[in-house]
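For reference, the structure is listed below as structure tokens.
Model, not experiment: these values are computed from the prediction. Just follow the structure's listing: the first ligand is 1, and inside any ligand the first atom is 1. Residues take their numbers from the sequence shown, with the count starting at 1.
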Amino acid sequence: MATYSTLLFETKNGICTITINREDKLNALNKQVLDDLDHAMDEVYADQNIKGIILTGKGEKSFVAGADISEFLEVQWNRGKQLSERGQNIFFKIEDCPKPVIAAVNGYALGGGCELAMACHLRVASDNAKFGQPEVNLGLIPGYGGTQRLTELIGKGKAMELILTGEIISAQDALQFGLVNYVTAREELLSKSTEILRVILSKSPVAVSKAIKAVNTFDHTRAGFMEESRMFGEAFESDDKEEGTKAFIEKRKPVFPGK
Ligand code: COA
């Protein structure tokens, strides 16, 4: 079993729990986390002892508070599209996994965190969890599949509203919109996730993997994801993104130049 610098990776009785482990940065997805997730999923695919996966975040406060905004200032201005494609491809690896993957959302699931949860097959949220796509505050758009998967999960009207306003919603609202499958007390998050996974693991693994493949094919063209990457790339080149990301780092409100 490999070890990962930004993940805890533990397999017990057929269930692999992957915990994103950057609590001081609210488990934000920097390049290393994405690389580690990519390799961890390769291990999940290859290891016959792993039958199902729970993906969660370390600590009481956050599942994943988004892509690491501080890295957005380091990435070359014209590399936004590649950045988006890299994230999308790792999240496809999770979504396409033939073994069931449950997101146990233990707090903030914002931006890339909400996108990561949506790439999992089911979502269980603790009652303190919060969801949203606040990229618009940074002069950006969701780039890791959020424009596509949120629309699929909750419908175009509500998805458009959340993406355009950047509003953060409660676990209860997420349940009502169909963004999550269950909401539980914080202490019961992992046991509830395990219980659901155990039900799935009691079924035919062949049927489960084929069902995942078939459901994922529902109206899920890659054209939408490609357009998302292109639009993310264009937004990444804007002065608004420069101002939005700087303002976050400097802990102030952005003043967008609108270009
Ligand atoms: N990228 C990089 N660092 C992040 C981060 C992100 N997405 N989200 C949080 N952090 C860091 C903060 O900069 C802070 O670091 P510091 O202690 O070195 O200053 C630390 O995590 C704790 O976050 P903080 O903002 O102090 O916590 P809070 O309770 O006041 O606010 C949030 C929590 C989630 C509301 C706030 O962190 C936030 O808005 N994060 C960004 C969400 C976002 O826009 N995500 C989409 C990114 S594409």
* Asked: Any side-chain heavy-atom pair from Val255 and Glu243 closer than 4.5 angstrom?
  -> yes

* Short check: is a protein heavy atom less than 4.0 Å from atom 31 (O) of ligand 1? -> no

* Asked: Of all the non-hydrogen atoms in the protein, which one sits nearest to atom 42 (C) of ligand 1, and at what distance?
  -> Ala65 O, 3.4 Å

* **Residue, atom name and distance, where the atom is the protein heavy atom closest to atom 15 (O) of ligand 1** => Lys25 NZ, 3.4 Å

* Around atom 1 (N) of ligand 1, find the nearest protein heavy atom and jot down its residue, atom name and distance. => Ile69 N, 2.9 Å

* To do: Could you tell me whether the side chain of Leu26 reaches within less than 4.5 Å of the side chain of Val64, counting heavy atoms only?
  => no

* Asked: When the ring planes of Tyr4 and Phe9 are compared, do they come out parallel, tilted or perpendicular, using 30° and 60° as the limits?
  -> tilted

* Examine ligand 1 and decide if any of its atoms is less than 4.0 Å from a heavy atom belonging to Ala67. => yes

* To do: Check if Lys61 has a non-hydrogen atom at a distance under 4.0 Å from any atom of ligand 1.
  => yes

* **Distance from atom 20 (C) of ligand 1 to nearest protein heavy atom, with residue and atom** => Asp24 O, 3.4 Å

* Provide, to 0.1 Å, the distance between atom 24 (P) of ligand 1 and the closest protein heavy atom, together with that atom's residue and name. => Leu26 CD1, 4.5 Å

* Distance to 0.1 Å, residue and atom name: give those for the protein heavy atom nearest to atom 44 (O) of ligand 1. => Pro134 CG, 3.6 Å

* Should the proximity of Leu140 to ligand 1, defined as any heavy atom under 4.0 Å, be assigned to the side chain, the backbone, both, or neither? -> neither

* **Non-hydrogen protein atom less than 4.0 angstrom from atom 8 (N) of ligand 1** => yes

* To do: Pull out every atom of ligand 1 sitting under 4.0 Å from any heavy atom of Leu110, numbered as shown with elements.
  => 34 (C), 42 (C)

* Pairwise side-chain contact, Tyr45 with Met41, heavy-atom cut-off 4.5 Å (strictly under) -> yes

* Right, does atom 28 (P) of ligand 1 have protein non-hydrogen atoms nearer than 4.0 Å? -> yes

* Starting from atom 13 (O) of ligand 1, locate the nearest protein heavy atom and write down its residue, its atom name and how far away it is, to 0.1 Å. => Phe248 CE2, 3.9 Å

* Is the closest basic N to carboxylate O distance between Asp38 and Arg86 below 4.0 Å? -> yes

* To do: Provide the number and element of each atom of ligand 1 under 4.0 Å from a heavy atom of Asp68.
  => 1 (N), 2 (C)

* **Close approach, Lys251 and ligand 1, non-hydrogen under 4.0 angstrom** => yes

* Determine whether Ser229 and Gln88 make a side-chain contact, defined as any pair of heavy atoms from C-beta on separated by less than 4.5 Å. => yes

* To do: Side-chain contact test, heavy atoms from C-beta onward, threshold under 4.5 Å: evaluate it for Arg198 versus Glu195 and give yes or no.
  => no

* Asked: Between Arg22 and Asp68, does a salt bridge (Lys or Arg N to Asp or Glu O under 4.0 Å) hold up when you go through it step by step?
  -> CA-CA 11 Å; Arg22 283 189 84 207; Asp68 191 313; 2.9 Å; yes

* pair Pro142-Glu115: side-chain heavy atoms closer than 4.5 Å -> yes

* Please answer: with hydrophobic residues joined when any side-chain heavy atoms are less than 4.5 Å apart, are Ile154 and Leu175 in the same cluster? => yes

